[in-house]
Amino acid sequence: MAARRVALKAIDWVAFAERVPPNQRGMFNALKTRSDAIAAKLASLPEAPAAIDWSYYRSAVARIGMVDEFEKKFKALQIPAPVDTQTSTIDAQEAEATKSALVYTEACKARIAQYEKELDKLKNMIPFDEMTIEDLNDTFPETKLDKVKYPYWPHKPIADL
């Protein structure tokens with residue numbers, strides 16, 4: 001059983017080590033050493049606890065009936081296994097985090113595509129020293145002045161200046 005418990009919680013130390021920053025390598029090595037020591041100790045334990053030799057205690061204990069009472073109470077003792085109440089919550093949080101990560105990834109890809117279009121536009125535009133005002137207004141429409149709506153200089157509302 002001890003081997004099965006260790007195998008169930010196996011850690012990929014190589015993948016873990018790749019993610020550890022160089023300044024935390026000492027702490028990582030200490031964690032791995034401690035984890036290996038605990039795993040070795042757990043593996044050295046027997047599958048089941050050693051059986052109690054009640055006949056030895058009956059012969060060694062002077063009070064009659066005390067060992068029988070202890071044996072009866074020991075056999076009646078039932079220690080419940082802890083109930084796992086957190087796995088479902090953790091799985092739900094993981095699913096939600098995965099979903100939000102996918103949404104974020106898609107939004108990032110859309111922004112990247114938009115930025116690549118803008119970058120291509122900037123790479124392919126006429127150099128500034130060769131541009132005319134019309135070329136500037138065509139390339140950057142936000143620089144165009146509305147002389148019809150605002151006939152007097154600066155051809156923009158004062159609030160926008």
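- Rounding to the nearest 0.5 Å places CZ of Arg25 at 12.5 Å from NZ of Lys32.
- In the hydrophobic clustering of this structure, Ile133 does not group with Ile126; members are Ile, Leu, Val, Met, Phe, Trp, Tyr whose side-chain heavy atoms approach within less than 4.5 Å, directly or through other members.
- At a threshold of 4.5 Å between non-hydrogen side-chain atoms, the residues Met125 and Phe140 count as touching.
- Two residues are said to be in side-chain contact when any heavy atoms from C-beta on lie closer than 4.5 Å; Glu134 and Asn137 fail this criterion.
- Between Leu136 and Thr143, the shortest heavy-atom contact is O-OG1, 3.7 Å.
- Using a 4.5 Å cut-off on side-chain heavy atoms (C-beta onward), Gln93 and Thr89 make contact.
- Residues Tyr57 and Val67 approach most closely at O-CG2, 3.5 Å, considering heavy atoms.
- Counting heavy-atom neighbours within 6.0 Å of Arg34 CZ, excluding the residue itself, gives a total of 12 or less.
- Between Asp68 and Arg58, the closest heavy-atom pair is OD1-NE, 2.7 Å.
- Side-chain atoms of Leu145 and Trp153, non-hydrogen and from C-beta on, never get closer than 4.5 Å to each other.
- The distance from atom CD1 of Ile38 to atom OG1 of Thr33, rounded to the nearest 0.5 Å, is 11.0 Å.
- Taking a 6.0 Å sphere around CD of Glu118, one finds it holds more than 12 heavy atoms contributed by other residues, nucleotides or ligands.
- One finds the CD1 atom of Ile90 at 7.5 Å from the CG atom of Asp84 (value rounded to the nearest 0.5 Å).
- For the atom pair CD of Glu18 and CG of Asp12, the computed distance is 8.0 Å after rounding to the nearest 0.5 Å.
- Note that CG of Asp120 is 15.0 Å distant from OH of Tyr115, once rounded to the nearest 0.5 Å.
- Considering only heavy atoms from C-beta on, Val20 comes within 4.5 Å of Phe16 through its side chain.
- The CZ atom of Phe70 lies 13.0 Å from the CG atom of Leu77; values are rounded to the nearest 0.5 Å.
- For the pair Glu130 and Pro127, the minimum side-chain heavy-atom distance is below 4.5 Å.
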Legend entry - Step-by-step side-chain hydrogen bond (donor to acceptor under 3.5 Å, both in side chains) determination, Asp91 to Ser88: CA-CA 5 Å; Asp91 290 341; Ser88 60; over 6 Å; no
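- No single ILVMFWY cluster, assembled from side-chain heavy atoms under 4.5 Å apart, contains both Leu102 and Tyr104.
- Around the NZ atom of Lys144, the shell of radius 6.0 Å holds no more than 12 heavy atoms that belong to other residues, nucleotides or ligands.
- The side-chain heavy atoms of Trp54 and Phe74, taken from C-beta on, include a pair separated by under 4.5 Å.
- Between the side chain of Ser35 and the main chain of Leu31, no donor-acceptor pair closer than 3.5 Å is present.
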